[in-house]
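Reading through the structure tokens given below for one structure.
Quick note on labels: first sequence line is chain A, next is B, and so on, each numbered from 1.
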Amino acid sequence: MFSDAYIIMKKELKRLFTDRRTVFFMVVLPLVMLPVMYTVMGKISQSRSADIRSYHGTVFIAPEMQKQSPIYEEFISIINSQMNVTINEIPEAYIPTAKELIKEKEAQLLITFPENIDFAFDAIQPFDIHVFYNGASDYSSYFYRRTYDAVNSLADTLIYLRLESLNIPTEILTPVTANRTISPELVNLAKKGSEVGKVFGVLLPFIIILYLFVSSMQVGIDTVSGEKERGTLAILLVNQVDRASIILGKLLAVVCASFASAISSVVGLMIAGRYFLKDLFRSSAEMSDFILGADQILQLAILLIPVAILLVSLVLICATYARNSKEAAGLVMPLYMVVLILSIGTSSMGETVPTWMHYTPIINTVVGLKSVFIKSSSWGNVIIAAVTSLIFSGLLIFFMIRMFKNEKILFRI
Amino acid sequence: MIEILDLKKVFENKKKGTVSYKEALKGISFMCKPGEIFGLLGPNGAGKTTTLRCISTLIKPTSGTITVNGFDSLKDDRKVRSVIGFLTSDMKLDGFFTPDYMMDYFGRLNKMSPEDIAERKEVLIKELHMEEFRNKKIDKLSTGMKQKTSIAISLIHNPDVIIFDEPTNGLDVVTAKNVTDFLKKYAREGKTVLISTHIMGVAEQICDKIGILIEGLIKELGSLDEIVKRNKTNNLEDVFFKYLEVQDV
């Protein structure tokens with residue numbers, strides 16, 4: 001049986017990997033597309049941030065009669081030190097026009113002060129500064145956040161001034177601090193590479209499962225339903241080949257092809273890593289820190305091979321039942337959605353998951369992959385995930401062979 | 001040798017919650033001996049392809065027995081497939097490969113050694129005049145070339161029993177002649193040849209024995225002369241239309 005399956009697998013692989021278009025879409029595209037996509041996204045994000053930071057904005061401050069106030073002067077000096085803006089002091093009557101200009105994105109901010117802020121300060125009465133901005137404008141939102149920080153700085157300054165005037169030492173405000181006397185690098189005790197692993201632990205498991213499933217769909221549907229549709233399957237059925245061998249040969253070929261696609265997407269993602277780590281996730285971690293050991297690579301293989309067989313079996317069972325490729329794609333699509341939701345949902349979960357998740361196929365692989373990437377995997381859970389995937393695959397393959405022997409299914413019109 | 005006894009095939013059709021049954025074969029019996037070409041003649045939908053598909057083990061009979069070279073089609077389906085070379089118009093070849101590669105592929109699946117495959121391949125390529133296109137992609141070949149390739153593939157393991165469904169369908173005169181000559185040669189070599197056709201000329205020219213199959217029943221069985229004499233007609237076409245007219249009435 002295995003020798004026939006091997007012959008069929010070789011032929012299927014030859015068909016797939018000598019077709020330039022298939023190789024391009026399955027292997028080359030993910031390898032090139034992910035780095036290009038993340039480079040472009042990273043560069044766009046970086047240049048947008050730089051653009052916002054360097055933008056020269058227009059800020060209105062009202063009413064203009066605050067000019068002589070020391071508190072006001074302090075606030076203006078904080079604003080000028082933190083933001084690249086032109087400050088326009090306006091009378092109260094001009095406030096509606098200023099708001100209109102902000103709405104139209106022609107100005108970015110309006111700050112209004114209550115009357116007599118110096119008196120309020122002296123009388124130890126709190127006063128409220130109003131900051132108006134346009135949430136639909138990146139520049140206005142940026143200046144709003146910076147002004148918020150400036151108001152907090154002003155509050156700190158005023159508290160210190162009050163304490164000084166009362167001859168109270170300013171240290172009274174900070175009885176305790178955190179990590180002020182130690183370097184930030186020394187307080188982070190994460191294992192080398194585990195921070196990168198944390199980012200990859202969210203991204204990679206579902207991307208791998210996704211690529212395995214999508215490429216299984218691309219190849220698997222054509223390998224069975226496509227052959228049924230084109231009439232190229234019948235010639236195989238009248239030869240001395242056992243139907244189980246046909247299934248096994250096709251399954252192994254699709255597993256190899258989907259693996260090639262998944263590996264190329266992972267390599268693509270690794271190449272893209274430096275861009276999304278720094279530019280998108282603003283992480284200080286380095287890709288060079290992310291080196292998996294032999295144990296982890298072995299665990300990845302033990303997790304991925306059974307789940308690839310399981311996903312391919314799911315696709316092929318639909319392809320076997322379907323009359324043609326179109327019907328097969330219709331049958332596979334709901335499964336794809338389920339696998340996608342399970343993978344994304346599980347990837348986003350924390351490090352500790354309920355016990356049942358370790359026994360549920362696909363979910364346990366995602367959990368296992370995540371734990372491998374963040375370097376906290378256990379052999380027990382990895383083996384449980386692999387065994388459950390293999391048990392389910394075995395059941396699906398059994399049903400698939402039964403379907404292949406059933407003429408009502410194989411020759412459905 | 002093919003022996004068919006009381007073969008029945010009923011197809012079940014489920015549509016919108018209702019089940020209907022179509023009796024494609026209503027109990028047919030015939031025998032096809034080594035060295036002879038047996039022609040199953042009938043109009044479209046008579047049950048010719050169903051009969052050949054049952055013999056080739058592609059589908060299972062509802063009842064009755066099929067024995068091919070002593071092997072029962074249900075109990076020894078794999079052994080049956082090992083002694084037959086089956087070709088039907090439903091079967092297409094993967095256009096991505098060349099005839100040469102496909103012959104190698106099916107040779108290996110038929111448990112042949114690489115030496116035997118190489119030797120057999122050369123014989124078939126010569127007999128079917130495939131030298132010019134043996135290394136061209138099947139997608140690029142003409143209908144006749146594709147049919148020759150299909151024939152070569154189905155006979156790569158040099159089977160004792162050849163079952164061809166409409167072997168000359170859609171072929172030009174020269175290729176059709178090439179195919180019929182090829183079948184006659186194989187019959188002369190002592191192989192059992194069973195073909196289905198709806199073309200009277202083919203049946204008259206090459207078949208030693210003919211079975212007229214109409215609506216799942218064999219209406220006539222015997223040599224061309226026997227059938228014509230029994231029906232007191234001049235040729236096979238008259239016999240054939242006699243039955244079709246009865247059916248129409």
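- Classification of K9(B) and E23(B) as a salt-bridged pair fails, no side-chain N sitting under 4.0 Å from a carboxylate O.
- For K111(B), the part sitting under 4.5 Å from any heavy atom of chain A is the side chain, from C-beta outward, and nothing else.
- Only one option out of S261(A), S265(A), S264(A) pairs with L31(A) in a side-chain contact (heavy atoms from CB on, under 4.5 Å); it is S264(A).
- Ranked by heavy-atom pairs under 4.5 Å with chain A, the first of R53(B), K92(B), K79(B) is K92(B).
- With a 4.5 Å cut-off on non-hydrogen atoms, N406(A) does not touch chain B at all.
- Note on K14(A) versus D104(B): no salt bridge recorded, every NZ/NE/NH1/NH2 to OD/OE distance being 4.0 Å or above.
- Not less than 6.0 angstrom separates the ring centroid of F2(A) from the ring centroid of Y6(A).
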Dump the intermediate steps for ring-ring contact (aromatic ring centres under 6.0 Å, His included) on F30(B) and F38(B), then the final yes or no. CA-CA 10 Å; F30(B) 65 88; F38(B) 186 102; 4.6 Å; yes
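- Heavy atoms closer than 4.5 Å to chain A are found nowhere in L87(B), neither backbone nor side chain.
- Heavy-atom distances place the backbone of R230(A), and not its side chain, under 4.5 Å from chain B.
- Of the two parts of L233(A), neither the backbone nor the side chain holds a non-hydrogen atom closer than 4.5 Å to a non-hydrogen atom of chain B.
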